[in-house]
2 protein chains.
Amino acid sequence: MPPDASQPKVHRQVVDQLGRLIVGGSLAPGDALPSEELLAGQLVVSRSALREAMKVLGAKGLIESRQKTGARVRERRFWHQLDADVLGWRFATMPTQAFIAELVEMREIIEPAAAAAAAQKRDRAQLATIAAAYQAMAQAGDRDEWAKADAEFHSAVLNAANNELMSSLFNVIATALHGFFLLSARASDDFKYSLPQHFKVYDAIRKRSAPRARMAMQKMVDDSRRHLQHTGGIA
Amino acid sequence: MPPDASQPKVHRQVVDQLGRLIVGGSLAPGDALPSEELLAGQLVVSRSALREAMKVLGAKGLIESRQKTGARVRERRFWHQLDADVLGWRFATMPTQAFIAELVEMREIIEPAAAAAAAQKRDRAQLATIAAAYQAMAQAGDRDEWAKADAEFHSAVLNAANNELMSSLFNVIATALHGFFLLSARASDDFKYSLPQHFKVYDAIRKRSAPRARMAMQKMVDDSRRHLQHTGGIA
DNA sequence: CAAATCTATTTGTACGACAATATAGTTTTA
DNA sequence: TAAAACTATATTGTCGTACAAATAGATTTG
């Protein structure tokens, strides 16, 4: 009994189909979609289900519907680029080096800033959560355990910054990068090689030293980039 | 003939109503919404319109619907905090100092990083756009002209960073801050006092000096914060 | 007591009808 | 002729109803 074996609902499937078409470029900004009646016929779904899907796409900034004129694909600058689905569709249709670079750049901006903020604003419980994640990393027996604890560590740091906007942003970025196994710089043999660097981040946050926390996280992020360049990236 | 006098559609109104209730805390995470039939009756709308609204709220991470169980408010960590509507509802219901501080903090993280990236990646046309905005600032005759050109300048810098994720993020943050007139540090009498600082940003980007661009923007942002603290904030 | 079955509730999908709106064309008017 | 007012018409928006699908909870059964 797989935990998520429920077949996807129709409207969700339509959201995915149209989303991919738009983000993938098959439907360009300015293009008009077929009328709801027509499109529903083409996709073999009811107009009700189609409309629910269109509203969702509208909520993501991808399309705009107006009476008489119909629905049109909006310009890219209106797209909610930080929406998880939109990111996913970009991944599915254009996993280019440039796109990955954008994600990595965002990560490199957020994490050092978050570490600095965490050093200033973290409370005791949040520090404890970071410490627990660090312990789990130290005791990790294999790559999977390490990866899990590593993700928790970074998530805990973000949480300790006490800024929901920042957390939400990192959440999206990290999830997307996770899809490419690009979050942690995983050395082939010694997967724990970055443990000391993580300790420095933790220690700086513990001592409430924002500059040191920022620098330590910056170094970690730089290492990650160096590693990426070594392996030549993916796409 | 006001440009946007069209009465808001029903499903949009429902999205707003429920969105405010949830973000405002009247409906807490974990709470169950009434069944669609009931809720439609309470709001005096058809089930169809209500469902379209619920799908939109689901797309924003606010609620989750399941058969038999009904719809429930999701935990805050799932909310799309960077969605323009969600930000708007937070504004409408909880314009607290803490929330504004989160927005300002995000801005302070993004803009210096964006200036640095722009210095490295901008092309000629993007530089020209920044220059044009700067010129408009220099020639601004009143506060409104200045504010408009100022917004264009910052937007142009973000655009020159050539990272759609960053642009999208800044767009949302800046729009929200604009709602509070908190984007630019507007001195009461000399509204052009930050012009030289803007020039430094432009000049560094022109000379492709990332460090100087970052520092110049950082200083601008710091000034803005200092000014905020002087005036004691708003909410 | 555990497993299988049934039942009732709620969302999901489909269909049909009409209202509201905005475009494009048509007619009227100055 | 040009501008203004009107009219047709395509398309989305809203409503209501019926039924399908899923699933939590009660019931039966071994």
Side-chain angles (χ1 to χ4, degrees), chain A residues 1-19 21-22 27 29-74 78 85, chain B residues 1-19 21-22 27 29-74 78 85:
Chain A
M1 47 196 75
D4 197 347
S6 64
Q7 64 174 349
K9 311 296 176 199
V10 172
H11 61 80
R12 182 65 231 182
Q13 287 178 311
V14 173
V15 167
D16 272 346
Q17 282 186 54
L18 296 180
L21 284 180
I22 293 172
L27 286 168
D31 283 1
L33 275 67
S35 77
E36 292 179 351
E37 196 178 341
L38 242 171
L39 191 49
Q42 292 175 6
L43 301 177
V44 198
V45 299
S46 69
R47 211 188 134 203
S48 326
L50 173 62
R51 275 183 61 81
E52 289 178 4
M54 308 250 299
K55 289 292 161 255
V56 170
L57 293 173
K60 296 178 187 304
L62 296 186
I63 66 174
E64 190 179 33
S65 292
R66 291 170 58 171
Q67 283 174 182
K68 171 73 183 184
T69 333
R72 290 181 133 21
V73 178
R74 299 188 76 188
F78 293 118
D85 287 323
Chain B
M1 48 197 74
D4 197 347
S6 63
Q7 61 173 352
K9 312 297 177 199
V10 171
H11 61 80
R12 182 66 232 181
Q13 288 179 311
V14 173
V15 167
D16 272 346
Q17 283 186 55
L18 296 180
L21 284 180
I22 294 172
L27 287 168
D31 283 1
L33 275 66
S35 77
E36 293 180 350
E37 197 178 341
L38 241 172
L39 191 49
Q42 292 175 5
L43 301 177
V44 199
V45 299
S46 70
R47 210 189 134 201
S48 326
L50 173 62
R51 275 184 61 80
E52 290 178 4
M54 308 248 301
K55 290 292 160 252
V56 170
L57 293 172
K60 296 179 188 300
L62 297 187
I63 66 174
E64 192 179 31
S65 292
R66 292 170 59 171
Q67 280 173 186
K68 172 75 181 178
T69 331
R72 294 188 163 297
V73 177
R74 299 188 75 188
F78 293 119
D85 287 324

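Fair warning: this is a prediction, and the values are worked out from it, not measured in the lab. Proteins come first, then strands; the chains are lettered A, B, ... in the order of their sequence lines, and each starts at number 1.
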Specify the separation, in whole Å, of atom [atom1] of [X] and atom [atom2] of [N].
X: A:I63; N: D:dT11; atom1: CD1; atom2: P; result: 16 Å
X: B:R12; N: D:dG13; atom1: CZ; atom2: P; result: 13 Å
X: A:E52; N: C:dA14; atom1: CD; atom2: P; result: 10 Å
X: A:L39; N: C:dA14; atom1: CG; atom2: P; result: 13 Å
X: A:M54; N: D:dT11; atom1: CE; atom2: P; result: 12 Å
X: B:L43; N: D:dT14; atom1: CG; atom2: C1'; result: 14 Å
X: B:Q67; N: D:dC19; atom1: CD; atom2: C1'; result: 13 Å
X: A:E36; N: D:dG13; atom1: CD; atom2: P; result: 6 Å

[atom1]/[X] to [atom2]/[Y] distance, rounded to the nearest 0.5 angstrom?
X: B:S46; Y: B:E52; atom1: OG; atom2: CD; result: 7.5 Å
X: B:L18; Y: B:L50; atom1: CG; atom2: CG; result: 7.0 Å
X: A:Q17; Y: A:L43; atom1: CD; atom2: CG; result: 5.5 Å
X: A:D16; Y: A:R12; atom1: CG; atom2: CZ; result: 4.5 Å

Any donor-acceptor pair under 3.5 Å linking the side chain of B:R72 with the backbone of B:E64?
->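 Flag not set: sc B:R72 to bb B:E64 has no pair under 3.5 Å.
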Which of the following nucleotides, [options], is nearest to the side chain of [X]?
X: B:H11; options: C:dT21, D:dG13, D:dC15; result: D:dG13
X: B:K9; options: C:dT21, D:dC15, D:dA21; result: C:dT21
X: B:R51; options: C:dA14, C:dA17, C:dG12; result: C:dG12
X: A:S35; options: C:dT11, D:dT14, D:dT12; result: D:dT12

Look at the side-chain N and O atoms of A:S46 and state whether any lies under 4.0 Å from the OP1 or OP2 oxygen of C:dA14.
->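 So the side chain of A:S46 is within the cut-off, an N or O lying under 4.0 Å from OP1 or OP2 of C:dA14.
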Quick one: on DNA chain C, does A:V45 or A:K68 contact a more 5' nucleotide (nearest heavy atom)?
->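 Checking each residue's closest nucleotide, the 5'-ward one belongs to A:V45.
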Starting at the 5' end of DNA chain C and moving along, which residue's nearest nucleotide shows up first, B:S48 or B:E37?
->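 The residue mapped nearer the 5' terminus is B:E37.
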So what does B:R66 hit on the nucleic acid, given a heavy-atom distance under 4.0 Å: a base, only sugar-phosphate, or nothing?
->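 Sugar-phosphate only.
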